[in-house]
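Accompanying notes for the structure given below.
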Amino acid sequence: MNLTLSARLPFSFLSVVNSHGWVQLSPFRFDKETETLSYIFRLESGRVVELRLRSAAGGVRVEVAGALSAAECGEVKRAVAWMLGLDMDFSEFYALARDELKLAQAEKKAQGRVLRSPTFFEDVVKTILTTNTLWGATKRMTANLVTQFGEPLPTLNRSPDAEHTEAKGADEGRRAFPTPQRLAGTTEAVLRAETRLGYRAPYVHQLAVRAASGELDLETFKHSDLQTLELRKQLMKIKGIGAYASANLLMLLGRYDFLTIDTWAFKIVSHEWYGSQPIGPAEVEARFEKWGKWKGLAYWFWDWSYKG
DNA sequence: GGTAGACCTGGACGC
DNA sequence: GCGTCCAGGTCTACC
C-alpha cells in the first residue's frame, strides 16, 4: 500500500533524515543508494509493519507491504507526519537566518525539522542512551534493546527490497522498538547485564514502568501548552534526564529555547570564537543568546568551522 | 545554588 | 592478553 503525504514548504526529506544521528539508531535504517528510510512500526493493534519512506514532490511517499485498514492508514499518516514534522513552520527562523552568513543555507536546504521517533517514549529512551557515552555505544545499546525486546517484523510484511537485502545476508531480521509494557516486564538486572545499559538500566526501567502503568503519559508532551521552562522542569523530573538530555528532547518537541550543550559543543564553539581555549556553558550560551526562542536551531544548523 | 565523587562501558594505550 | 586510563552526562550527598 502506498501513501503520499504533503508537507508545509519548504521541505526536504533528506534534510530531515540527515538532521541528526537518529537515523543510525534501530529500528531506523537508511539506504543511501535508493535514499529510502525504513522504520519498523508497531501499530496500536500490535501488528508490526515496515514503513519505507522516500522523497516525493511536495512531501513524502510511504510504502507499506500489504493492505492497511482505514484506521491503520490513519495511524501511519499521523506517525509519519510527526516523525518528519510535516506541518512545522520555520518561516520566522528563516527570516532571522537570512542575515547570518553561517545560516545562509538554512532556508534553501529547508533545515529546521529533526527526525523523531513515532512515540515520545522511544525518543526519551534513546536520549537517555546518548548520555555519558560514545555514539558507538548508543547505537549498540539501542540495537540491543530492539533485538532483545522488540516485536519481530513478520516475513509476509517485509517489502521485496528488504527480502532481497536479507538474501544477501545483511539483515538478521528486523524488530520494532520495544513497548513500555515489554520493558517494564523485564528487570533492571537484565537491562544492565544483558542489554549492556550499565547504570542507565534503572532509568530506562523506571521510565518504562511509569509509562506502562499510565502514571506518566509521555505522549502529552508532544502537544503540551506549557511554557518551555515548565516543560523542561517536567522532563528533568524523569530520572536520567538532565540539562543536556532535556534540551535535546525539547528540540525534538519543537522547542528551541535551550542549547544541547555537551562536550562537543565546547569544542566547536571554542574553535569558532575562543581560539580553542577551554570554555564553559556560559560562553556557549552567550554566543546564541540573541537568537531567543530559535537559539537551539541556530546552534544545531550553524555552519561550524570545526569539522572534527 | 554550587561542587565533588560515583556511576558504567568500551576504546585507546602501554607493557 | 592484561591492566590502566579516559571520555561521556546525571545523580546524590554535602557544603
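Here the structure is a predicted model, which means the values were calculated and not measured. Quick note on labels: first sequence line is chain A, next is B, and so on, each numbered from 1.
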Using atom [atom1] of [X] as one end and atom [atom2] of [N] as the other, report the distance to the nearest whole Å.
X	N	atom1	atom2	result
A:Glu194	B:dC8	CD	P	17 Å
A:Leu197	C:dG8	CG	C1'	16 Å
A:Leu129	B:dC8	CG	C1'	13 Å
A:Leu134	C:dC5	CG	C1'	14 Å

Parallel, tilted or perpendicular: which one describes the rings of A:Trp22 and A:His20, with boundaries at 30° and 60°?
parallel
Across the strands shown, which category fits [X] at heavy-atom distances under 4.0 angstrom: base, sugar-phosphate, nothing?
X	value
A:Ile128	nothing
A:Thr133	base
A:Ile261	nothing
A:Ala201	nothing

Distance-only donor-acceptor check, side chains A:Gln24 and A:Trp135, under 3.5 Å:
yes
Indicate whether any N or O donor in one side chain lies under 3.5 Å from an N or O acceptor in the other, for A:Asp123 and A:Ser117.
yes
Out of [options], which nucleotide sits closest to the side chain of [X]?
X	options	result
A:Arg140	B:dG10, C:dT12, C:dG9	B:dG10
A:Asn132	C:dT10, C:dC11, B:dC7	B:dC7
A:Ala245	C:dC11, C:dT10, C:dG8	C:dT10

On DNA chain B, compare the nucleotides closest to A:Arg196 and A:Tyr203; which residue's is nearer the 5' end?
A:Tyr203
Is the base of C:dG9 touched by the side chain of A:Tyr199 through a donor-acceptor pair closer than 3.5 angstrom?
yes
